[in-house]
Number of protein chains: 2
Amino acid sequence: MTLSEEDYIKAIYHLGSGKEQPISTNAIAVQMETKPSSVTDMLKKLSGKNMVKYKKYKGVSLTEHGELTALSIIRKHRLWEVFLVDKLGFAWDEVHEVAEQLEHIKSDKLIDKLDTYLGNPRVDPHGDPIPSKEGEFKKSVKKLISELPLGSEGVCVGVNDSSAAFLKFLDKNGISLGDTLKILEKEDFDGSVSIEVNNKEMRISDQIASNLFLEVLEKN
Amino acid sequence: MTLSEEDYIKAIYHLGSGKEQPISTNAIAVQMETKPSSVTDMLKKLSGKNMVKYKKYKGVSLTEHGELTALSIIRKHRLWEVFLVDKLGFAWDEVHEVAEQLEHIKSDKLIDKLDTYLGNPRVDPHGDPIPSKEGEFKKSVKKLISELPLGSEGVCVGVNDSSAAFLKFLDKNGISLGDTLKILEKEDFDGSVSIEVNNKEMRISDQIASNLFLEVLEKN
DNA sequence: ACAAATATTTAGATTTGTCTAAATTTATAT
DNA sequence: ATATAAATTTAGACAAATCTAAATATTTGT
Ligand SMILES: [Mn+2]
Ligand SMILES: [Mn+2]
Ligand SMILES: [Mn+2]
Ligand SMILES: [Mn+2]
């Protein structure tokens, strides 16, 4: 697989291999920032390699083989993102471009050793799941802290209320997007929540809990 | 710069930009495992980018700009080699192929952070020097322990006497090729040498010292 | 000095991935 | 139901990197 083929496979996967309808040529062209005619050429090539099922004018979908290939590339991408953030100290929102290159490095041994070195992480710095070598993974969902049960653990990925005051509050309390957050306790009385972030425990009000999104792995 | 252009620049550098004679087309073809006609095409392209000085039939040499580019790629290659060995636990003789790919990743920030993370190493796992960001480095030479002065530090890179007995001795004493070795003391009387390897001190006979090669940085 | 050997370049193809412009198919709207 | 619009494919071109075969330049041996 060439670098370009790999990026197409990944794009098709992200455009929703989950869905039952095939992916359109134009959708892929938009995602890849290329022209539809280029996409058509590539789809023929990928079809010849049994990576996609392709019917002229009818769109495309990944084969079993194509999907496993996509998951293997996504695994590499996300493991490298963990490396960049956890080991090299990149910010969570700076890593994508570099991981986009690193994901194409060819070496099974490398990725095995990297996985071990990182402590077999289950999620990347954006809270997205890291597929296993066999292509298995739990889906992740983005939910407000207030909607999540006790014990949930996830990555802070966004705010509902993006007022200056709220962002300032988060900053003051040492909570940044990209941080991993765990829900320790929930108070029925006032909806306040005990959380752990950056090895610190703190209590946040219902107002805060209803405005901060976590990316968490779905149970089972 | 494309991946291929970078590999050519590096090949020309290694074929001896140090020398005063220009490098021949055929020499590059051998090094790159490609055909001389392909080399000619690439030399024209690199010449157009001011990376090399090229005269038809007269060979090629790197420009100042080309040499700095070569050193930057070599810096990346060797830093990644250190990462693979020190952090991921690759053996020193397994890293070249992967580093050959990793050296082409484009990100100044990445290589700066990697350098810091690795503790600004001066040499790679083969004892070869790692150029600074500015392209400065000390040359390295391969010498027998017996030829080196007190205080020398280098990487074990080879043996003079490759008899089974000698290799067995090294193995028994926990010395492997790729290990860093420091000369602590030299006994004039019998030529025996005190060394430190893998955080252990030991004394080796003149016979051993005269048969084990170290790759060391030249002083000044 | 000149023929033979060697090294290098040129000419013409090929593969990969891209593009534009034109043709064709599919969807939409009256 | 049919004309328009939108989506998709085809045709033909191009740049990058490679190759083979042929042409040309340089070196070497006598
Ligand atoms: Mn990519
Ligand atoms: Mn990610
Ligand atoms: Mn390389
Ligand atoms: Mn090396």
Side-chain angles (χ1 to χ4, degrees), chain A residues 1-16 19-62 66 69-70 73 100-101 103-106, chain B residues 1-13 15-16 19-62 66 69-70 73 97 100-101 103-106:
Chain A
M1 293 278 287
T2 66
L3 185 151
S4 195
E5 286 170 350
E6 289 187 347
D7 280 341
Y8 272 96
I9 290 285
K10 213 171 42 131
I12 295 167
Y13 180 88
H14 281 132
L15 285 167
K19 290 148 198 153
E20 59 290 339
Q21 322 104 304
I23 309 304
S24 78
T25 298
N26 267 16
I28 299 169
V30 169
Q31 174 85 7
M32 297 284 298
E33 301 183 74
T34 184
K35 301 295 169 182
S37 55
S38 305
V39 175
T40 300
D41 286 346
M42 183 57 87
L43 293 183
K44 288 177 186 167
K45 184 147 66 114
L46 291 175
S47 185
K49 296 192 176 189
N50 284 310
M51 304 296 284
V52 302
K53 249 184 314 192
Y54 169 59
K55 287 281 189 194
K56 261 194 198 182
Y57 294 102
K58 298 301 182 186
V60 76
S61 61
L62 292 178
T69 302
I73 303 162
E100 201 56 49
Q101 299 177 59
E103 69 189 355
H104 303 290
I105 302 291
K106 261 73 177 174
Chain B
M1 293 278 287
T2 67
L3 185 150
S4 195
E5 286 170 351
E6 289 187 346
D7 280 341
Y8 271 96
I9 289 287
K10 213 172 41 130
I12 295 167
Y13 180 88
L15 284 167
K19 290 148 198 155
E20 58 290 338
Q21 323 104 305
I23 309 303
S24 78
T25 299
N26 266 17
I28 299 168
V30 169
Q31 173 85 8
M32 297 283 298
E33 299 183 77
T34 184
K35 301 294 169 183
S37 55
S38 306
V39 175
T40 300
D41 286 347
M42 182 56 86
L43 293 184
K44 288 178 186 167
K45 184 147 64 111
L46 291 174
S47 186
K49 297 192 175 187
N50 284 310
M51 305 296 285
V52 301
K53 249 185 313 191
Y54 169 58
K55 288 280 187 196
K56 261 194 197 183
Y57 293 103
K58 300 300 183 187
V60 76
S61 61
L62 292 177
T69 301
I73 303 161
E97 193 193 343
E100 201 55 49
Q101 298 177 59
E103 69 190 355
H104 303 289
I105 302 291
K106 260 74 178 174

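Every chain is numbered from 1, with letters handed out A, B, ... down the list of sequences.
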For C:dT8, take OP1 and OP2 only and decide whether either is under 4.0 Å from a side-chain N or O of B:N26.
-> yes
Whole angstrom is fine here: how far is it from OH in A:Y54 over to P in D:dA7?
-> 16 Å
In whole angstroms, the gap separating P of D:dT26 from NZ of B:K55 amounts to 13 Å
Among D:dA16, D:dA21, C:dT8, the nucleotide that comes nearest once only the side chain of B:T2 is considered | D:dA16
What does A:T25 touch in the nucleic acid at a heavy-atom separation under 4.0 angstrom: a base, only the sugar-phosphate, or nothing?
-> sugar-phosphate
Measure across A:P22 and A:G59 and return the closest heavy-atom pair with its distance rounded to 0.1 Å.
-> CB-C, 3.9 Å
Measure the distance from CD1 on A:I28 to P on D:dT8 and round it to the nearest whole Å.
-> 9 Å
Just wondering, do A:M32 and A:M42 contact through their side chains at under 4.5 Å, heavy atoms?
-> no
Does any non-hydrogen side-chain atom of B:V60 lie less than 4.5 Å from one of B:I28?
-> yes
Whole angstrom is fine here: how far is it from CD1 in B:I23 over to P in C:dT8?
-> 11 Å
Would you please confirm or rule out a distance under 4.0 Å between OP1 or OP2 of C:dT25 and any side-chain N or O of A:K58?
-> no
Quick one: is B:T34 getting a side-chain N or O under 4.0 Å of the D:dC19 phosphate, OP1 or OP2?
-> yes
Whole-Å gap separating C1' (C:dT18) and CD (A:E5) | 14 Å
A:Y8 and A:V39, any side-chain heavy atoms less than 4.5 Å apart = yes
Looking only at side-chain N and O atoms, does A:Y8 come under 4.0 Å of OP1 or OP2 in C:dT18?
-> yes
Heavy atoms, side chains only, cut-off 4.5 Å: are B:L62 and B:Y13 in contact?
-> yes
Please tell me which of the listed nucleotides, D:dC19, C:dT8, D:dT9, lies nearest to the side chain of B:Y57?
-> C:dT8
Length of the NZ-C1' vector between A:K35 and D:dA11, whole Å = 18 Å
OP1 or OP2 of C:dT18 less than 4.0 angstrom from a side-chain nitrogen or oxygen of A:S38, does that happen here?
-> no
Start at the 5' end of DNA chain C and walk down; is the nucleotide closest to A:L3 or to A:K56 reached first?
-> A:L3
base_contact_polar (D:dT18 base, B:S4 side chain, donor-acceptor, <3.5 Å) = no
Separation of D:dA16 atom P from B:L43 atom CG, nearest Å, is 16 Å
Nearest-nucleotide comparison on DNA chain C, the residue closer to the 5′ end among A:M42 and B:K44 = B:K44
